[in-house]
Amino acid sequence: MKVLVVYDHPRRSSFCGAVLDSLTEGLEAAGHEVEIADLHREGFDPRMLVEDEPIWRDRTQVYSDEIRAQQARVDRNQGLILLFPVWWWSFPAMTKGWVDRIWNQGWANGWARLKQEKAMLVGIAADDAESFARRGYDKSMETQLLSGILQYCGIENSSMHLLHDSLTSPEHRDELLARARKLGQEF
Ligand SMILES: Cc1cc2nc3c(=O)[nH]c(=O)nc-3n(C[C@H](O)[C@H](O)[C@H](O)COP(=O)(O)O)c2cc1C
């Protein structure tokens, strides 16, 4: 299938960027066609603009050209992956703003839902899985991001994967890259 990967990191050369490369390799090895939305390089502005604020219950509202182009990019893909570093136990403001502005009433919520067959959240986290579990951060991310955004907006077949201990050894990073490749291959 055609898969849109939304990449959110200030640097393309970051470890998250290496995860993007491995994930893409895996997706392509499985025969998927990958499109990348590199939000920082594209200069995406995550701030909601007045013209894109939903007018509640107004089915005639037309969003800005920018938002309609972004929606068309999502629409031409049957799969969707959001790839981000975990910042404060969530995704960064850039991805949040991308959702706020684009997943709008009449397209992803309200009287319409997303039509993608499958979606995945991939977060890169410095902290280990045990600390996440001990404080419930993994569950809270699942509730808020997976259930509250992806599934709420209609993509039932969606999952969340955290790649932990991202700042440890180069050997561990290689393991995380292998895992990212596998996630792509099995998508
Ligand atoms: C603003 C900020 C907030 C962060 N918050 C978290 C966090 O809540 N949990 C965590 O495990 N790591 C956190 N980190 C660490 C990032 O997850 C880490 O930088 C990333 O996984 C490493 O990838 P990179 O080198 O590609 O940035 C944070 C980093 C920054 C810059």
Side-chain angles (χ1 to χ4, degrees), residues 3-24 36-50 52-54 66-67 70 73-74 79-105 108-109 114 116 118-156 158-170 172-180 183-184 187:
V3 182
L4 180 68
V5 182
V6 179
Y7 172 69
D8 173 5
H9 196 286
R11 269 179 308 112
R12 181 61 181 83
S13 61
S14 65
F15 178 64
C16 284
V19 171
L20 173 64
D21 293 336
S22 297
L23 186 68
T24 303
I36 294 170
D38 184 342
L39 299 180
H40 283 267
R41 252 62 49 201
E42 288 176 5
F44 180 73
D45 184 349
R47 293 171 301 177
M48 178 65 88
L49 303 182
V50 173
D52 292 317
E53 261 191 283
E66 182 196 0
I67 293 313
Q70 288 270 2
R73 179 162 64 174
V74 176
L80 178 66
I81 299 177
L82 305 186
L83 171 58
F84 54 89
V86 173
W87 284 3
W88 296 112
W89 326 108
S90 187
F91 46 45
M94 179 64 107
T95 303
K96 178 65 163 49
W98 185 79
V99 172
D100 288 344
R101 291 189 64 205
I102 295 160
W103 297 32
N104 230 326
Q105 177 187 241
N109 74 78
L114 294 177
Q116 277 58 46
K118 196 170 179 182
M120 185 161 79
L121 297 170
V122 181
I124 322 299
D127 222 339
D128 56 83
E130 199 181 274
S131 312
F132 266 70
R134 194 165 53 243
R135 300 187 176 90
Y137 298 141
D138 47 359
K139 287 275 166 279
S140 75
M141 286 181 70
E142 260 180 38
T143 304
Q144 194 186 345
L145 309 180
L146 191 61
S147 165
I149 299 180
L150 290 184
Q151 291 166 352
Y152 180 86
C153 290
I155 317 179
E156 269 308 315
S158 50
S159 55
M160 186 183 87
H161 308 270
L162 295 177
L163 303 185
H164 287 284
D165 305 297
S166 63
L167 302 179
T168 55
S169 62
H172 182 66
R173 282 189 156 193
D174 285 345
E175 282 172 28
L176 295 182
L177 295 179
R179 190 154 157 236
L183 283 174
F187 183 71

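- For the residue pair Leu4 and Val74, the shortest heavy atom distance occurs at CD2-CG2, 3.9 Å.
- Residues Leu183 and His161 approach most closely at CD2-ND1, 3.6 Å, considering heavy atoms.
- Between Phe44 and Gln70, the closest side-chain pair of non-hydrogen atoms falls below 4.5 Å.
- Within the 4.5 Å cutoff, the side chain of Ser158 has heavy atoms near those of the Leu146 side chain.
- Judged as a side-chain contact (heavy atoms from CB on, under 4.5 Å), and not counting sequence neighbours, the contacts of Ala126 are Ser166, Leu167.
- Contact annotation: the side chain of Leu23 approaches that of Met120 to within less than 4.5 Å [non-hydrogen atoms, C-beta and beyond].
- Residues His164 and Asp127 have side chains that never bring a donor and an acceptor to within less than 3.5 angstrom of each other.
- Residues Leu176 and His172 meet the side-chain proximity criterion, which asks for heavy atoms closer than 4.5 Å.
- Remark: Tyr7 pairs with no residue by the ring-ring contact (aromatic ring centres under 6.0 Å, His included) rule, at least two apart or across chains.
- In this structure, CG on Leu114 lies 12.0 Å from CD on Glu156, to the nearest 0.5 angstrom.
- Heavy-atom minimum distance, Arg41 versus Pro10: NH1-O, 2.6 Å.
- In this structure, CD on Glu42 lies 9.0 Å from CE on Met94, to the nearest 0.5 angstrom.
- Distance check: Asp128 CG to Asp165 CG gives 5.5 Å after rounding to the nearest 0.5 Å.
- Looking at Asn109, its side chain does come within 3.5 Å of a backbone N or O of Trp103 through a donor-acceptor pair.
- Here Gln105 contributes atom CD and Glu53 contributes atom CD; the two are 11.5 Å apart, rounded to the nearest 0.5 Å.
- No side-chain heavy atom of Asp21 sits under 4.5 Å from any side-chain heavy atom of Leu177.
- Residues Leu83 and Cys16 come closest through the heavy atom pair CD2-O, 4.0 Å.
- Sorted by first then second residue, the salt bridge (Lys or Arg N to Asp or Glu O under 4.0 Å) pairs that include residues 84-93, not counting sequence neighbours, number zero.
- Partner Ile124 forms a side chain to side chain contact (heavy atoms under 4.5 Å, CB included) with one of Val86, Leu163, Leu162 and no other, that one being Leu163.
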Inset, instruction - Would you please test Arg101 and Asp45 for side chain to side chain contact (heavy atoms under 4.5 Å, CB included) and show each step? - result: CA-CA 9 Å; Arg101 291 189 64 205; Asp45 184 349; 4.1 Å; yes

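- When side chains are defined from C-beta on, Arg12 counts as touching Leu20, because their heavy atoms get closer than 4.5 Å.
- Leu82 is listed as a side-chain neighbour of Trp98, based on a closest heavy-atom distance under 4.5 Å.
- Between Arg179 and Glu175 no salt bridge is recorded (no basic side-chain N to carboxylate O distance below 4.0 Å).
- Annotation: the span from Leu150 atom CG to Leu80 atom CG amounts to 7.0 Å, rounded to 0.5 Å.
- Between the CD1 atom in Ile155 and the CD atom in Gln116 there is a gap of 5.0 Å [rounded to 0.5 Å].
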Legend entry - Worked verdict on Met141 versus Leu121 for side chain to side chain contact (heavy atoms under 4.5 Å, CB included): CA-CA 10 Å; Met141 286 181 70; Leu121 297 170; over 6 Å; no

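- Atom NZ of Lys96 sits in a sparse spot, with 12 or fewer heavy atoms from other residues, nucleotides or ligands closer than 6.0 Å.
- Note on ring orientation: taking the six-membered ring where Trp is involved, the planes of Phe132 and Tyr137 are perpendicular (angle over 60°, cut-offs 30° and 60°).
- Here the side chains of Phe91 and Ile149 are in contact, with some heavy-atom distance below 4.5 Å.
- One finds no salt bridge joining Asp52 and Arg47 here, because no Lys/Arg side-chain nitrogen approaches an Asp/Glu carboxylate oxygen to under 4.0 Å.
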